[in-house]
Amino acid sequence: FEYVIVRCCQGMNIDSCFEDNIKNCNIYDIPVGVYCYNGYSNKDCIDMKDFVSKQTKQADYVLSCLKNKKIDYPVYFDIEAPNGTDIRNYVTKEQVNAMLDIWNEKMSDSGYLPGIYCNQSGFKYIQSCVDYPLSDKFQVWIAGGDQYGMYDIDFESVKPSKVLYKEEYGVTMAQSTDGAVNAGAGNSDGYLDINYWLVDYRN
């Protein structure tokens, strides 16, 4: 692997493997980035003030988790709606603007490259909510590659997704599949996400 992106947390609940994953990447000199799965939406916030407060605390929590760790790649904000939920009903335009501003400011001020992760339809909605190209402020990582949703794909058979080269997204990294096997690693079901980048963040 040329790099690894590790889940830090969901909301303010740390991933149980986060510390070991980061530690081992640092020990074995594997370039590493992290992501936080957004834990807050209009489904669990009383009002806009509550939403902004929780988004701020979430970003601060991520920063606290990154202390004394070597992070080479961006710190991504994973913006997804739960399965079966339309993202347009999950976060409003006002909420999208607020959470992106918070993430960008918090990560940039702390010396990290701010990134966002979403699928292609989610990207189009999020982009429609703001008045600037997302790639101007964030390193864009897109899910839903050509082999996405296909399982038991041999690691050696995974190919870069075409979305990596679509100018409309301004992508720097794209996820080709979430179902690779025989890669020497995997989740509880034995599958691994495989991504390809256009930018080598080590340089």
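Remember, predicted model here, so these are calculated numbers, not experimental data. Starting from 1, each residue takes its place in the sequence as its number.
When every heavy atom of Cys9 is checked against every heavy atom of Ile14, the shortest pair comes out as CB-CA, 3.8 Å. Shown here for Ala174 and Val163, the closest heavy-atom pair between the two residues is CB-CG1, 3.6 Å. Nearest approach of Ala185 to Leu192, heavy atoms of both residues: O-CB, 4.1 Å.
A donor-acceptor pair under 3.5 Å is formed between the side chain of Asp146 and the backbone N or O of Lys162. A donor-acceptor contact shorter than 3.5 Å is absent between the side chain of Gln127 and the backbone of Glu168. Between the Asp78 side chain and the Asn38 main chain, no donor and acceptor come within less than 3.5 Å of each other. Of the possible polar contacts, one joining the Asp178 side chain to the Gly149 backbone as a donor-acceptor pair under 3.5 Å is found. Remark: the backbone N or O of Cys129 is paired with a side-chain donor or acceptor of Asn97 at under 3.5 angstrom. Proximity of a side-chain donor or acceptor of Asp44 to a complementary backbone N or O of Ser41 within less than 3.5 Å is detected. Between the side chain of Lys70 and the backbone N or O of Cys25 there is no donor-acceptor pair closer than 3.5 Å. Without hydrogens or angle criteria, Trp103 side chain to Val75 main chain gives a donor-acceptor distance under 3.5 Å. Thr177 places a side-chain N or O within 3.5 Å of a backbone atom of Gln147 that can act as its donor or acceptor partner.
Other residues, nucleotides and ligands contribute only 12 or fewer heavy atoms inside 6.0 Å of the OH atom of Tyr28. For Ile27, the CD1 atom counts as densely surrounded, since its 6.0 Å shell holds more than 12 non-hydrogen atoms of other residues, nucleotides or ligands. Other residues, nucleotides and ligands place more than 12 heavy atoms under 6.0 Å from the NZ atom of Lys69.
When each of Val52, Val91, Asp50 is tested with Cys45 by the rule side-chain contact (heavy atoms from CB on, under 4.5 Å), just one qualifies, namely Asp50. With respect to Tyr73, the ring-ring contact (aromatic ring centres under 6.0 Å, His included) criterion is satisfied by exactly one of Tyr3, Tyr35, Tyr117: Tyr3. The side-chain contact (heavy atoms from CB on, under 4.5 Å) with Tyr125 is formed by just one residue from the set Asn119, Asp86, Ile87; it is Ile87.
Met99 CE to Ile79 CD1: the interatomic distance, rounded to the nearest 0.5 Å, is 4.0 Å. A distance of 9.0 Å separates CD of Gln58 from CD of Gln10, quoted to the nearest 0.5 Å. Atom CD in Glu105 sits 8.5 Å away from atom OG1 in Thr56 (nearest 0.5 Å). The CG atom of Asn13 sits 11.0 Å away from the SG atom of Cys8 when rounded to the nearest 0.5 Å. Atom OH of residue Tyr37 and atom CD of residue Glu80 lie 5.0 Å apart, to the nearest 0.5 angstrom. Atom CD in Glu2 sits 7.5 Å away from atom CG in Asp200 (nearest 0.5 Å).
Using a 4.5 Å heavy-atom threshold, the side chains of Leu134 and Leu100 count as touching. Counting only heavy atoms from C-beta outward, the side chains of Phe51 and Glu94 never approach each other to under 4.5 Å. Residues Tyr40 and Met12 have side chains in contact (heavy-atom distance under 4.5 Å, counting atoms from C-beta outward). With a 4.5 Å cut-off on side-chain heavy atoms, Tyr191 and Ile153 do not count as touching. The side-chain heavy atoms of Pro82 and Tyr90, taken from C-beta on, include a pair separated by under 4.5 Å. Looking at heavy atoms from C-beta onward, Gln120 lies in side-chain contact with Ile142 at the 4.5 angstrom threshold. A heavy-atom distance below 4.5 Å is not found between the side chains of Leu198 and Val171. The closest side-chain heavy-atom distance from Phe18 to Val34 is below 4.5 Å.
In the model, Ser161 has no side-chain atom that pairs as donor or acceptor with a side-chain atom of Tyr148 under 3.5 Å.
Residues Phe155 and Phe1 place their aromatic rings such that the two centres sit under 6.0 Å apart.
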**OP:** Walk me through it: do Val181 and Tyr151 pass the test side-chain contact (heavy atoms from CB on, under 4.5 Å)?
**Re:** CA-CA 8 Å; Val181 294; Tyr151 294 94; over 6 Å; no
**OP:** Go through the steps for Ile71 and Ile22 under the test side-chain contact (heavy atoms from CB on, under 4.5 Å), then give the verdict.
**Re:** CA-CA 9 Å; Ile71 306 297; Ile22 290 288; 4.1 Å; yes
If you look only at distance, which donor and acceptor atoms sit under 3.5 Å apart when one is on a side chain in residues 106-116 and the other is two or more places apart or in another chain?
residue: Lys106; atom: NZ; partner: Asp60; partner atom: OD1; Å: 2.9
residue: Lys106; atom: NZ; partner: Asp60; partner atom: OD2; Å: 3.4
residue: Ser108; atom: OG; partner: Asn104; partner atom: O; Å: 2.8
residue: Ser108; atom: OG; partner: Asn104; partner atom: OD1; Å: 3.3
residue: Ser110; atom: OG; partner: Lys106; partner atom: O; Å: 3.0

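Under the 30°/60° scheme for interplanar angles, the aromatic rings of Tyr169 and Phe123 are found to stand perpendicular.
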